[in-house]
Peer 1: 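Would you mind keeping the following structure in view while I ask a few things?
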Amino acid sequence: KLCICENSRAWFYCVKGLRLRMSEERDGFYVFPERAKTKLRKAYMEKQPVYIYGMVGYGKTALVEQFLGKKKYLYFDAASSPLACLETLHTQSILVVDNLQFLEDEFVKDRLLELIRQPDLWLIFISRSKCPGWLIGAYLKYRNFCTITETDLELSEDEIRKYLKE
């Protein structure tokens, strides 16, 4: 199976984790991996937290950006965003937390655990690894998360054909 995704302004295809450059960024063209899109749509309707994980280059962030489109949301990069970003949530109902694997700040972790309990806030976590230990308790206790894996991010043969035709 192949996974076509965007990373650092270039498109790649992935074969069992192997990333090979395919072509330069295509102007606004994106083929949704249908399994991931279906899961995201259901989670959005139910305001169920989402946990997306996969290796670098699988298109996790691109999937979320394309899915959200013009919706207003707060993007928090756990590797570099200031904590103040999390304090502006009163104006947004969607929070995307990217690069969760880099999060070490205990205060931010506690704040995110508080936010999971807010039923009017839709949380999307993006990481390169499976759910971290500090988040598993909330994952099980409050609301089971919708989990999107590398397998869900892979494109089907029809989706690959559609991509190659464009």
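What you see is a predicted model; the values in this text were computed from it and never measured.
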Peer 1: Which distance, rounded to the nearest 0.5 Å, do you find between the OG of Ser93 and the CD of Gln118?
Peer 2: 11.0 Å
Peer 1: Just by modelled atom types, is the Gln48 backbone N or O under 3.5 Å from a matching donor or acceptor in the Trp122 side chain?
Peer 2: yes
Peer 1: Counting only N and O atoms by type, is there a donor-acceptor contact under 3.5 Å from the side chain of Asn99 to the main-chain atoms of Phe102?
Peer 2: no
Peer 1: Quick one: pull up NZ in Lys37 and CD in Gln66 and give me the separation to the nearest 0.5 Å.
Peer 2: 10.5 Å
Peer 1: Measuring only between side-chain heavy atoms, which start at C-beta, is Thr149 closer than 4.5 Å to Leu153?
Peer 2: no
Peer 1: Rounded at 0.5 Å granularity, tell me how far CD in Glu114 sits from CG in Asp110.
Peer 2: 7.0 Å
Peer 1: Measuring from Glu106:CD to Trp134:CH2, what's the distance to the nearest 0.5 Å?
Peer 2: 9.0 Å
Peer 1: How long is the span from the NZ atom in Lys42 to the SG atom in Cys146, to the nearest 0.5 Å?
Peer 2: 7.5 Å
Peer 1: Can the positive tip of Lys130 be found less than 6.0 Å from the middle of the six-membered ring of Tyr53, inside 45° of the ring normal?
Peer 2: no
Peer 1: If you define the side chain from C-beta out and look only at heavy atoms, does anything of Tyr51 sit under 4.5 Å from Ile126?
Peer 2: no
Peer 1: Would you say Lys71 has more than 12 foreign heavy atoms packed within less than 6.0 Å of its NZ?
Peer 2: yes
Peer 1: Quick one: are Phe145 and Leu123 in side-chain contact, heavy atoms under 4.5 Å?
Peer 2: no
Peer 1: Are the side chains of Phe125 and Lys60 in contact, using a 4.5 Å heavy-atom criterion?
Peer 2: no
Peer 1: Side-chain contact, heavy-atom cut-off 4.5 Å: Phe32 with Glu159?
Peer 2: no
Peer 1: Distance from Leu121 atom CG to Ile116 atom CD1, nearest 0.5 Å?
Peer 2: 9.5 Å
Peer 1: Is any side-chain heavy atom of Pro132 closer than 4.5 Å to a side-chain heavy atom of Leu100?
Peer 2: yes
Peer 1: Linking I/L/V/M/F/W/Y whenever any side-chain heavy atoms sit under 4.5 Å apart, do Leu103 and Ile136 land together?
Peer 2: yes
Peer 1: Is there a side-chain contact between Leu74 and Ile94 in this structure, where contact means two heavy atoms from C-beta onward sitting under 4.5 Å apart?
Peer 2: no
Peer 1: Can a cation-pi geometry be assigned to Lys47 and Tyr44, taking NZ or CZ under 6.0 Å from the six-membered ring centre and within 45° of the ring axis?
Peer 2: yes
Peer 1: Where do Phe76 and Val96 land on the side-chain contact (heavy atoms from CB on, under 4.5 Å) test, with the steps shown first?
Peer 2: CA-CA 6 Å; Phe76 180 81; Val96 176; over 6 Å; no
Peer 1: Please examine the side chains of Leu113 and Leu135, heavy atoms only from C-beta on, and report whether any two atoms are closer than 4.5 Å.
Peer 2: yes
Peer 1: Among Asp152, Ile148, Leu63, which residue satisfies the side chain to side chain contact (heavy atoms under 4.5 Å, CB included) criterion with Pro33?
Peer 2: Leu63
Peer 1: Okay, side chain of Arg128, backbone of Val56: is any donor-acceptor separation there less than 3.5 Å?
Peer 2: no
Peer 1: So, the side chain of Lys39 versus the backbone of Thr147: is there a donor-acceptor pair under 3.5 Å, distance only?
Peer 2: yes
